[in-house]
Amino acid sequence: MARTLSDNDHASHGGPARASATPLEGLRRAVIGAAEALAAKPVGAITLERPKRAQFGDYSTNAALLLAPGLGVPPREVAERLGAALADRLGPSLARFEVAGPGFLNLFVADSWLTGALEQALAAGEDFGAGGAEKPERILVEFVSVNPTGPMHVGHARNAAYGDALARMLELHGHRVEREFYVNDAGSQVRKFGQSIQALARGGSVPEDGYKGDYVLDLAARLANAATMDPGELGHAAVAIMVENIEESLGAFRVGRFHRWFFESALHEGDPSPVAHTLSILEQQGHTYTHEGALWLRTTDFGDDKDRVLVRSSGEHTYFASDIAYHQDKRERGFERQIDVWGADHHGYVPRMKAAYEALGGDPGELELLIMQLVHLVRSGERSQMSKRAGEFVTLEDLVGEIGLDAARWYLLARSHDTTVDLDVDLAREQSNENPVYYVQYAHARIASMLARAGAERVLAATAAVLDPAREPLHAAERALVEQLLAFPAELAEAVERRAPHRIAAYALELAQGFTAFYRDCRVVGAEPETVESLRIALCVASRSTIARCLALLGVDAPEHM
RNA sequence: GCCCCCGUAGCUCAGCCGGAUAGAGCAUCGGACUUCUAAUCCGAGGGUCGCAGGUUCGAAUCCUGCCGGGGGCACCA
């Protein structure tokens, strides 16, 4: 361990160092420590990153540029001093440093540091990069939550894939995560749903504003007594079937199981019901008032554009009232953070929901309402609508059937959640074989094949043995691959912080490319001397593990063979 | 009218809490399979980062305005 950087003296300051401190964290601490010693005070916003160009070193920091104004010294001179201080701290781990450009400090690490760091990563195994959350929280992720009155289309698929991947990322990062699906089984839509089914069961046609589509006809045929039941009861019976279907569909889409399916109707049951309970809190806090026979919530006190109705003059609760009660319920269940994944058509509800949460005494910072932008379906160059009413939509099943499960999940997750996506179904079908997901999977399968060829015993020996730091200089492709692998913990942390699964996809693709370049340039099985083969096998093991973990986060299969 | 998201290569998109010569995949063109998986690799062409100002040593990134696309603005669910 002496040749790693994590045991420099700075690491022992500033609270309990995590046992899982990664090699790069050690390097970062050394840089920050040296910078703060130079400035004689804490310095923020110091970056330590892999520069785009190899000539700028293995790692580069802008610390000198940030320190220079406070010190009254030219940035390049600060960089020189910082470099010298780092050379002292890091000893032989740092091969050399250069000052470049306006005052960047470029670090060239020694091969021994890289092999030592790789060893640490291998020793951490499946835990490498995991548990990085500084403050683990109990988090509820609510997602999908589609109305149970129709099949899921590709927009819902995007929400499902995103929420699922986000939950997996949060878990790996060290949070305690529960997934929940909110079922809108109350309100007039259920009755309307029942009326549509009943109309078909009686041989008629659905009302103008009713639900259309083959699935409605199926329900009419499947539900006995559909022609004679009370429309409300019929609607509930149909919703129960739809919920089953949705659960099946999500399972087939490889969405992790929901810890709970929360039925809106439960918010109106009991005495007092959760809705009544929540309304009484709001009333006691003085945040409500009556106007024209309706009960209003003064959301404008908390940043909303206008006040909102909780109870209509007819005496019925609004959907908003249920929603508030639901979020209050989640809070009372002890979740420190709530993340809701909403469709773009709900973004207008964000201010009022945050306002209500705050009115109930919650910290609005604990409530994250993430908006998924829309998926536009494109056919032969033209946008087509996904409307339940028109009965024209591409379902989640259609999408998977067209382009495959892995390609579908990758396609939906490889893009930022706040970018509107155009999904050209024809193009997607034609190009599904060109989906980058297969490139990543191929790299994984290739590694599996190589390791099989090396043999389990040889692989075990290679990873168990101390990597020889005195071997011949590392190949450029080996160095690059080690550095890419070492970047995983920070990549995960960044992706989690930004709620950005697409960063994992981007990283996975880059890693697969890095591995493929290594494969091209460096013979693994049979490489001589044996120490070289060992190091390369170890690189394969770490690469396969990291690629597999990324794919698992995205809910994509990591095949042994292709 | 007000609010939110987007505008980067032919197409789909990364990069956006300021850093060095703006990237990837697909598509196009030219090469490479007796070698651990060619679902691969190598090379080439392709950009006023929507427009105009501003802040800064430095702007695709931050601020303002404008243009264009999408979405939302209920005592609907």
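Labels below follow one simple rule: chain letters A, B, ... track the order of the sequence lines, proteins then strands, and each chain is numbered from 1.
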What is the distance, to the nearest angstrom, from the CE atom on A/Met372 to the C1' atom on B/C6? 14 Å
Using the closest heavy atom to pick a nucleotide of RNA chain B for each, name whichever of A/Arg498 or A/Val190 lands nearer the 5' end. A/Arg498
Any strand, both distances under 3.5 Å, Watson-Crick or G-U wobble: B/G7 pairs with B/C67
Nearest listed nucleotide, side chain of A/Arg415, among B/A14, B/G72, B/A24: B/A14
Determine the contact category for A/Thr419: base if any of its heavy atoms lies under 4.0 Å from a base atom, sugar-phosphate if only primed atoms, P, OP1 or OP2 are that close, otherwise nothing. sugar-phosphate
Which part of the nucleic acid, if any, lies within contact of A/Ala100, taking any heavy atom under 4.0 Å across all strands shown: a base, the sugar-phosphate backbone alone, or nothing? base
For B/G43, give its Watson-Crick or G-U wobble partner with both distances under 3.5 Å, or none. B/C29
Interatomic distance at P, B/G10 relative to B/G1, whole Å: 33 Å
Give none if B/C17 has no partner; otherwise give the nucleotide forming a Watson-Crick or G-U wobble pair with it, both distances under 3.5 Å. none
A/Ser188 side chain: which of B/C13, B/A77, B/U21 is closest? B/A77
Look at the side chain of A/Arg503 and decide which nucleotide, out of B/C5, B/C13, B/C16, has an atom nearest to it. B/C16
When we call it a touch if two heavy atoms are under 4.0 Å apart, what does A/Ala344 touch: a base, just sugar-phosphate, or nothing? sugar-phosphate
Would you name the heavy atoms of A/Pro274 and A/Leu267 that are closest together and state the gap between them? CD-O, 3.2 Å
Select one nucleotide: of B/U37, B/C41, B/U12, the one nearest the side-chain heavy atoms of A/Arg520. B/C41
Which of these nucleotides, B/A20, B/U37, B/A27, is closest to any side-chain atom of A/Phe104? B/A20
Residue mapping more 5' on RNA chain B - nearest nucleotide basis, A/Leu66 or A/Glu316: A/Leu66
